[in-house]
Amino acid sequence: MARVLCVAEKNDAAKNIALQLSGNRFQRAEGRSKYNKLYSFDGQFRGQPAKFVMTSVSGHLMTLDFGQGYKEWRPATTGELFSAPVIRSVNPNMLQIEQTLKEQSRGAEILVIWTDCDREGENIGAEIVSVCLSVNPRLDVYRARFSEITYQAVTRALNNVIRLDQNEVDAVDCRSELDLRIGAAFTRLQTLHLQSTVPTVLDGVVSYGSCQFPTLGFVVERYKAIKDFVPEPFWRLVGKHKRDGVDVEFVWDRNRLFDKQITETFHEVCNDADYATVTSVQKAPKSRWRPVALDTVEFEKLAVRKLRMSAKDAMAAAERLYTSGYVSYPRTETNIFPKEMDLASLVTAQGNSPDWGPFAQDIMTRGGPNPRNGVKTDEAHPPIHTLKPATKQELTRDWAVYELITRHFLACVSRNATGQSTTVKVDVSDEVFNANGIVIEDRGYLDVYKYDNWYGKMLPPYQEAERLKDFKVDINEGSTTAPLLLNEADLIALMDKHGIGTDATHAEHIEKIKERQYVALNPDKRFIPGFLGLALVDAYNEMGFEMSKPVLRSTLERGLVDICNGTRTKADVLAEQLQSYKRIFDRTEDRIILLSDIFKRYVGAQNLAGAAAGNHAPARGGRGAGRGGRGGSTAAVANRGGAAAQRGRGGGRGGGNAPAAPSFNFPTAGVQNPPPNNYQSSRPPQAPGPRPVVQAPRNALPPPGNGNPNPIVCGCGVPAPVRTANTSANRGRRFYGCAKQRDDPSRCNFFQWET
DNA sequence: GCAAGGTC
């Protein structure tokens, strides 16, 4: 009988594939590595009876590094890293897996690669092949292509095996070589330079990486947008009417104007009117949609926003829950539930929960689960979902994450919330005002999904054509405010949008720039850049290189896609990329003094400002550094900055007699403080829940012209759609606003012209 | 001492 060795990307996949192929009848044995077992069973390969052994690796087996002569960090050899020899070898902590592969290869005639069906999976497959062929060159090597681990998918894959796709293997080799050469070269250049020029404040590695640096760039760009923000005053009219003891507020159809005189003219016109006329009373059904099936990026964003966790901690909790069988595989790009998945039994399993049992039962009595699917699939894993019931006592610290995943799952497969909205339109001397009300009829998914809310607001009855004699019109003055600093969810969304990192690595890159002291979290868990991060971004910008922008990474990504499509070779893309980075490197090396100069300028400005304020402890005293001082609340600013700097120091350094680098490294004043907000809100107070210190932005960001990678995001953290103004003053002008419906009380007041 | 990508 032919002996077939199968190798999957991880133990979990190997187990499940073996389970399907063997009809749940396999023998399990230990391998050399603790985590990677052997699953044996009999079956058929290409029409012949065969003995199968299924085992696995744990991701990449190999690692790339520079050879002898380039291990040492020296300024003289740093530039040579673009051409120095690199060696691919088995990662030291994968040696046991390698041993298992070798042992199993000796007795096999056929090797089938069952790694994930993506670029990295293809490359991991090639690494497995090289290990196996080294002990048994006669192996016949195949590739199984499957999109999910179901009986149909894996049997189809086994009956239709193909060969590895060398183009995809090459693309990943190209990526890893570029990442290593470019990362190492710029890291050594930056580190060696700063250590020699500002040794007292710097003792760590100042790394550069194609993912970490654009991530830092996003943080810096937002910080600067806030610093450079100039508030703009505006005026608006507000209609008021009292009926049945209810104060009804009407929103001006022109929303607001940036011209005081014109607004006052409208105000006078309205005040001169004898009455207001109700021109229409419209009722319409409204619904609030249940959430889409959960993928990794959405999960991370939810955990950050709703549970106030870091993405890294959230993923760690999800992985613990996955390993102990409570939830499905947490790394997935899929937000569509496969048709054949048995959602009903997963819902039924939650029927006894004291928290959401009745809701789960209700789903079943109303016709069963009806998932709201998205449009993405990685063809490997289903959306994240709950697997078995649990209690708070048994999960302890991981309960909140389990609860989020379970409530999200139940909400996703339940039904939308529905209600009726009422819009009352009133005309005062041709000026139009609207009042909106909503009556919620069926809370639907909201009963289980405590992370969302929908506030109903009843309007008293109005009749069409009715004249209101006591309709009042007030004029309010307001001012646009700067955008918020990015929180982790914003940052992940930006990385996702620009293709920086993968769903599995977003959180790691963010941790990396924190660890490097490039950024820190302020008390509101929003990112402020440190002087080191600012200096790095400024230095490359000043030299004219877009190192902190996402474009370099996306150019590389396009090259990789070309390699996969066969339109370009690995050698071609590699040479082109190395040449362009080497040119940047050479010019950077010539002008590297800029980096320490800029860094010193930042630190010096802060120390001078601290001394001027009579405070001799630069670590936390500095106020009004740079241009950040906004009148009115400097003390509060200094406090916040100090706290942020202290957190920044939590990275494990510090201590000792030398001044701790981060003390100097974080600005202690500036953007943490909101500019004075003198707008008398015409809206009810914002929905409860975590609110940042800075108020919802009304105007924001630099012009989104060519090359600006920032999406315009409103105060709710959602990308803002472009709308067209229809007021006489600004007719046809385009602007960004909050994506939510106008009658949605959680809608924020975000506003920004598209310039 | 350097990257990013897999995964435990």
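Keep in mind the model is a prediction, meaning the values are calculated, not measured. First the proteins, then the strands, lettered A, B, ... as listed; each starts at 1. Note that these values count all heavy atoms, side chains included, but never hydrogens, waters or copies made by symmetry.
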Protein-nucleotide distance ([X], atom [atom1]; [N], atom [atom2]), rounded to Å:
X      : N     : atom1 : atom2 : result
A:M62  : B:dA3 : CE    : C1'   : 18 Å
A:H498 : B:dA4 : NE2   : C1'   : 19 Å
A:L180 : B:dG5 : CG    : C1'   : 12 Å
A:I513 : B:dA3 : CD1   : P     : 13 Å
A:L216 : B:dA3 : CG    : C1'   : 15 Å
A:K512 : B:dC2 : NZ    : P     : 7 Å
A:L194 : B:dG1 : CG    : C1'   : 15 Å
A:Q212 : B:dG5 : CD    : C1'   : 14 Å

Checklist entry - Just wondering, do A:W73 and B:dG1 stack (centres under 5.5 Å, planes under 30°)? => result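 Per 5.5 Å and 30° rule: yes, stacked.
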
Item to check | Position toward the 5' end of DNA chain B (nearest nucleotide), A:F66 or A:D503 | outcome: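 It is A:F66 whose nearest nucleotide is closer to the 5' end.
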
Checklist entry - Mapping A:G183 and A:N36 onto DNA chain B by nearest heavy atom, which one lands closer to the 5' end? => result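 Nearer the 5' end of the strand: A:G183.
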
Looking only at the side chain of [X] (C-beta and beyond, no hydrogens), which of the listed nucleotides [options] gets closest?
X      : options             : answer
A:V205 : B:dC2, B:dA3, B:dG6 : B:dC2
A:A504 : B:dT7, B:dC8, B:dA4 : B:dT7
A:E9   : B:dG6, B:dA3, B:dC2 : B:dG6
A:A184 : B:dC2, B:dC8, B:dA4 : B:dC2
A:D179 : B:dA3, B:dC8, B:dG5 : B:dA3

Checklist entry - Does any residue of residues 112-129 of chain A have a heavy atom under 4.0 Å from DNA chain B, and if so, which ones, in number order? => result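 Per residue number, the list reads A:D116, A:E120.
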
Item to check | Cationic N near anionic O, under 4.0 Å, A:E319 to A:R331 | outcome: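 Between A:R331 and A:E319 there is a salt bridge, with a charged N closer than 4.0 Å to a carboxylate O.
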
Taking only the side-chain nitrogens and oxygens of [X], find out if one of them lies under 4.0 Å from OP1 or OP2 of [N].
X      : N     : value
A:R88  : B:dG5 : no
A:T505 : B:dG5 : yes
A:R331 : B:dT7 : yes
A:S207 : B:dA3 : yes
A:R516 : B:dA3 : yes
A:T191 : B:dG1 : no
A:Y329 : B:dT7 : yes
A:H509 : B:dG5 : yes

Item to check | Side-chain-base donor-acceptor pair under 3.5 Å for A:S58 and B:dC8 | outcome: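 Present.
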
Checklist entry - Going by modelled atom types, is there a donor-acceptor pair between the base of B:dC2 and the side chain of A:D65 at under 3.5 Å? => result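 Answer is yes: a donor-acceptor pair is held.
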
Classify the nucleic acid contact of [X] as base, sugar-phosphate or nothing, counting any heavy atom under 4.0 Å across all strands shown.
X      : result
A:M315 : nothing
A:Y208 : sugar-phosphate
A:L64  : base
A:R175 : base

Next on the checklist: Could you work out, with side chain to side chain contact (heavy atoms under 4.5 Å, CB included) as the rule, every residue matching A:C211, not counting sequence neighbours?
Outcome noted: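 Partners of A:C211 by the side chain to side chain contact (heavy atoms under 4.5 Å, CB included) criterion, ordered by chain and then number, come out as A:I500, A:H509, A:R553.
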
Item to check | Partners meeting side chain to side chain contact (heavy atoms under 4.5 Å, CB included) with A:S40 (sequence neighbours left out) | outcome: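 Per chain and number, A:S40 pairs via side chain to side chain contact (heavy atoms under 4.5 Å, CB included) with A:Q27, A:V53.
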
Checklist entry - Looking at residues at least two apart in the chain, or sitting in another chain, which of them share a ring-ring contact (aromatic ring centres under 6.0 Å, His included) with A:Y329? => result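 With sequence neighbours excluded, A:Y329 shows a ring-ring contact (aromatic ring centres under 6.0 Å, His included) to A:Y322, A:H381, given in chain and number order.
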
Checklist entry - Which residues pass the ring-ring contact (aromatic ring centres under 6.0 Å, His included) test with A:F186, sequence neighbours left out? => result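 Testing A:F186 for ring-ring contact (aromatic ring centres under 6.0 Å, His included), a comparison that skips the adjacent residues, returns A:Y208, A:F585.
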
Checklist entry - Between A:F66 and A:K71, is there a cation-pi geometry (under 6.0 Å to ring centre, at most 45° from the normal)? => result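 No, cation not above the ring by the 6.0 Å, 45° rule.
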
Checklist entry - Should the pair A:R587 and A:F545 be classed as cation-pi, given the thresholds of under 6.0 Å to the six-membered ring centre and 45° from the axis? => result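 Cation-pi check for A:R587 and A:F545: fails.
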
Item to check | Any side-chain donor near an acceptor of the partner, A:E120 and A:H60, under 3.5 Å | outcome: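 A:E120 vs A:H60: donor-acceptor pair found between side chains.
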
Checklist entry - Looking at residues at least two apart in the chain, or sitting in another chain, which of them share a side-chain hydrogen bond (donor to acceptor under 3.5 Å, both in side chains) with A:R74? => result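 Testing A:R74 for side-chain hydrogen bond (donor to acceptor under 3.5 Å, both in side chains), a comparison that skips the adjacent residues, returns none.
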
